[in-house]
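Here the structure is laid out as structure tokens; the discussion comes afterwards.
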Amino acid sequence: MCGVCGCGEGEVQVGSMTGHRHDEHQHQHESHQAGGASRRLQVEQDILSDNAGYAAANRELFEQQALLALNLVSSPGSGKTSLLTATITRLSGQVPLAVIEGDQQTSRDAERIRAAGATALQINTGKGCHLDAHMIGHAMQQLPNLQGGLLFIENVGNLVCPAGFDLGEAHRVVILSVTEGDDKPLKYPDIFHHSDLLLINKIDLLPYVEFDLNACIDYARRINPDIEVIQLSARSGEGMQSWVDWINQRRQQRLQQRISALQAEAIRLESLL
């Protein structure tokens, strides 16, 4: 059992970009059954410390490649994959992009991503309820060159455990649909606290559901005053351009950061001549 989130041990399977399982490795969480509270605390510290190391390595890789990595988190059924396919349709051919798809079982979502025209690599976590930085680093070894492009990480559907695991991403994006409760930010505060953007999806259904949009945004900003909010519908297309613009702006920032870093390095090297 995982000392942090309680998910079970089991094999993590990283599929190929064609859908066939190319490689698999054992993602082991240490047991905390023996040793009581002190042992449990030590296991939690060890797991998070190890993850932080892998996340730092991922972050360095993403920065070197000027790659904008976005970690998408939500409950099951929020429309995360539909949002991704609609996003890919709008960005396809403009920039290099790929998707790392996290699910406990099946490759159905990865197949949908590929059908939309993007490279997708499936990670099946078995009993695990989140992706971690080691899985992402392992998956990156199988992806094509994404220099200056976009990496979407579709995390396992869960608003609890992914909050505790930095993947090295530039931004964490939490997705909430209007078919869920508008008080989700109050019930699951950690994920909202650690996210940069809240996407409220399925707004085309607002006339048919009891969802207080203003209250939801207010709750989210009580938890995280700096969180940005975009309202959209992946199905109707309303608000999608605002989301695409947000992505493009952050990608341009990432490219500029890399340019600035290279210029600084060039100046340092010139000083050694």
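Given the structure is predicted, the values throughout are model-derived calculations rather than measurements.
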Are [X] and [Y] connected in the hydrophobic side-chain network, where two residues link if heavy atoms are under 4.5 Å apart?
X	Y	value
L61	I123	yes
F165	V160	no
L84	I100	no
V229	I223	yes
L232	W246	yes

Could you tell me whether [X] atom [atom1] has more than 12 heavy atoms of other residues or ligands within 6.0 Å of it?
X	atom1	answer
H193	NE2	no
Q241	CD	yes
F211	CZ	yes
R108	CZ	no
E238	CD	no

N/O donor-acceptor pair under 3.5 Å between [X] side chain and [Y] backbone:
X	Y	answer
S107	A110	no
R251	L68	no
D103	Q105	no

Distance in Å, [X] [atom1] paired with [Y] [atom2], rounded so as to fall on 0.5 Å steps:
X	Y	atom1	atom2	value
I230	I200	CD1	CD1	10.5 Å
Q65	L143	CD	CG	9.5 Å
L176	S74	CG	OG	9.0 Å

### Query
Can S82 and R112 be said to form a side chain to side chain donor-acceptor pair (under 3.5 Å), step by step?
CA-CA 9 Å; S82 296; R112 290 174 61 189; 2.9 Å; yes
### Aromatic plane relationship, W243 with F152 - under 30° parallel, 30 to 60° tilted, over 60° perpendicular
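The arrangement is tilted - the two ring planes meet at 30° to 60°.
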If you compare all heavy atoms of [X] against all heavy atoms of [Y], which two are closest, and at what distance to 0.1 Å?
X	Y	value
E169	R59	O-NH2, 4.1 Å
V209	V178	CG2-O, 3.5 Å
N155	L167	ND2-CD1, 3.8 Å
N201	S233	OD1-CA, 3.6 Å
A55	A133	N-CB, 3.4 Å
S195	V174	OG-CB, 3.6 Å

### Message
Could you go through L121 and V99, starting from their C-alpha distance and side-chain angles, then the distance that decides it, and tell me whether this counts as side-chain contact (heavy atoms from CB on, under 4.5 Å)?
### Response
CA-CA 6 Å; L121 192 144; V99 178; over 6 Å; no
### Query
Taking side chain as C-beta onward, heavy atoms only, is V73 less than 4.5 Å from I175?
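Heavy-atom side-chain distance check fails, nothing below 4.5 Å.
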### Message
Between T81 and E154, do the side chains contain a donor N or O and an acceptor N or O under 3.5 Å apart?
### Response
yes
### Query
Does one side chain, of Q252 or N248, offer a donor that lies under 3.5 Å from an acceptor on the other?
no
### Query
Taking it one step at a time, do I227 and R221 satisfy side-chain contact (heavy atoms from CB on, under 4.5 Å)?
CA-CA 6 Å; I227 197 167; R221 287 184 170 149; 3.9 Å; yes
### Task
Just do the salt bridge (charged side-chain N to carboxylate O under 4.0 Å, His left out) check on R250 and E228 with the steps written out, would you?
CA-CA 13 Å; R250 270 66 189 175; E228 297 183 69; 2.7 Å; yes
### Message
Applying the side chain to side chain contact (heavy atoms under 4.5 Å, CB included) criterion to L131, which one of N71, N158, T125 satisfies it?
### Response
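The side chain to side chain contact (heavy atoms under 4.5 Å, CB included) with L131 is passed solely by T125 among N71, N158, T125.
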